[in-house]
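Notes follow once the structure below has been shown.
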Number of protein chains: 2
Amino acid sequence: MHDPKDLKNAGLKATLPRLKILELFENSEQRHLSAEDIYKIMITNGEDVGLATVYRVLTQFEQAGLLVRHHFESGKAVFEMNEGTHHDHIVCIKCGRVEEFYDEEIEKRQKAAAEKYGFSMQDHSLTIYGTCTKTSCNES
Amino acid sequence: MHDPKDLKNAGLKATLPRLKILELFENSEQRHLSAEDIYKIMITNGEDVGLATVYRVLTQFEQAGLLVRHHFESGKAVFEMNEGTHHDHIVCIKCGRVEEFYDEEIEKRQKAAAEKYGFSMQDHSLTIYGTCTKTSCNES
DNA sequence: GTAGCTGCAAATGGTTTGCACGCGG
DNA sequence: CCGCGTGCAAACCATTTGCAGCTAC
């Protein structure tokens, strides 16, 4: 899973902070984590890490294609594992819940619109914002 | 167009900075402007305005429904006039060019996806990121 | 052993806020 | 005239960067 192999391939040394961060993404129940989230979890776990390192590692992982960065309107970036499967997101602007989905037709039409206007599309996912309708949306 | 009426309706006094900023959005060839953009233009035009005021006015206008705020990945927010017509955006991540489009089918499918996951959709526009393919994309 | 990493602290960039003055109604 | 609105400076918050010591290989 998170072999030092992945890091080697990216030209990165297999250091403690890097391995721990990869591990976090694999074991956390939350797929989408911010730098601050990760930093706090690591400090809680007793790791001696700096916030700057977390930011540096996340950026390196993004460039290496291990993670994908999203912005989600909140003012802070969140990251998720890059499993190669493109998908879009729906985000609750009240409680922050994130769901993922994929719609072939939307993809086709996005691409068509991009080409029509002379753009080469990036693999940037669509994000829909809304509010949870079901139940427990009692945000801070 | 930019009658003090709009401002009155929003419970805002028709002050110089507010009128000038509205005017800017109506007369500028760029539909999408950041706070910094607006500030610089006004200073250049000889207005004695503060950046803080620009931010405050933009936020008020957004709340009054006169403007819409977007984030576009760049780290800085941009605003456009709210003409009531919902549309999506394609943004060049190299040169910043913005095009607008609308696709009925995408809208339908977005809404369907949102409902499927228990969300009530906001009128938040889809943003596609890509790079200009045609020609003059020589960014700073 | 050495280049690449790290933690810390300071710097940055966008945005917000506190405050005393000043203009709009 | 009264209070909302303003400019200025300082505060904030996410993120980046400079630097001296440390570590993986």
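Naming: A, B, ... by sequence-line order, numbering from 1 per chain.
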I need the [atom1]-[atom2] distance between [X] and [N], as an integer number of Å.
X      : N       : atom1 : atom2 : answer
K20(A) : dG7(C)  : NZ    : P     : 13 Å
L12(A) : dC25(D) : CG    : C1'   : 14 Å
Y39(B) : dG14(C) : OH    : C1'   : 14 Å
L33(A) : dT15(D) : CG    : P     : 13 Å
Q63(B) : dT16(C) : CD    : P     : 10 Å
D37(A) : dC13(D) : CG    : P     : 16 Å
L58(A) : dT17(D) : CG    : P     : 15 Å
K76(A) : dG14(C) : NZ    : C1'   : 16 Å

Among [options], which is the nearest nucleotide to the side chain of [X]?
X      : options                  : answer
A14(B) : dG25(C), dC8(C), dC8(D)  : dG25(C)
V49(B) : dG7(D), dA14(D), dG7(C)  : dG7(D)
V57(A) : dT15(D), dG7(D), dT6(C)  : dT6(C)
K8(A)  : dT15(D), dC25(D), dC5(C) : dC25(D)

| task | Please evaluate the base of dG24(C) for a donor-acceptor partner in the side chain of R18(B) within a cut-off of under 3.5 Å? | result |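 Between dG24(C) and R18(B), which were checked side chain against base, a qualifying N/O pair under 3.5 Å is absent.
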
| said: Should the side chain of R56(A) and the base of dG4(C) be counted as holding a donor-acceptor pair, with the cut-off at 3.5 Å? | reply: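 A donor-acceptor contact between them is absent.
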
| query | Considering all heavy atoms of both residues, which atom of H32(A) and which atom of D37(A) are nearest to each other, and what is their separation? | reply |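 Here H32(A) and D37(A) meet closest at O-OD2, 4.4 Å.
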
| query | Are the charged groups of E105(B) and R109(B) less than 4.0 angstrom apart, N to O? | reply |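 Counted as a salt bridge, because a side-chain N and a carboxylate O are separated by less than 4.0 Å.
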
| message | Using heavy-atom distances to pick each residue's nearest nucleotide on DNA chain D, tell me which of E36(A) and A52(A) is more 5'. | response |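 Closer to the 5' end of DNA chain D: E36(A).
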
| field | Side chains of H87(B) and E99(B), donor plus acceptor under 3.5 Å | value |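 No.
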
| query | In terms of side-chain heavy atoms, does E104(A) have a donor or acceptor partner in Y102(A) at a distance below 3.5 Å? | reply |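 Per modelled atom types, E104(A) and Y102(A) side chains form a pair under 3.5 Å.
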
| Counting any heavy atom closer than 4.0 Å, what does T15(B) reach on the DNA or RNA strands: base, sugar-phosphate only, or nothing? |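 Sugar-phosphate contact only.
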
| task | Scan K13(A) against the nucleic acid and name what it touches under 4.0 Å (heavy atoms): base, sugar-phosphate only, or nothing. | result |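 Touches a base.
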
| message | On DNA chain C, does the nearest nucleotide to L16(B) precede the nearest nucleotide to L51(B) from the 5' side, or the other way round? Give the residue. | response |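 Taking each residue's closest nucleotide, the earlier one in sequence belongs to L51(B).
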
| query | For DNA chain C, whose closest nucleotide is more 5', that of D48(A) or that of S74(B)? | reply |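 The 5'-side residue here is D48(A).
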
| message | Just N and O in the side chain of Y55(A): are any of them under 4.0 Å from OP1 or OP2 of dT16(D)? | response |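 Negative; the distance criterion is not met.
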
| When the ring centroid of H89(B) is compared with that of F72(B), is the distance short of 6.0 Å? |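 Aromatic pair counts; centres sit under 6.0 Å.
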
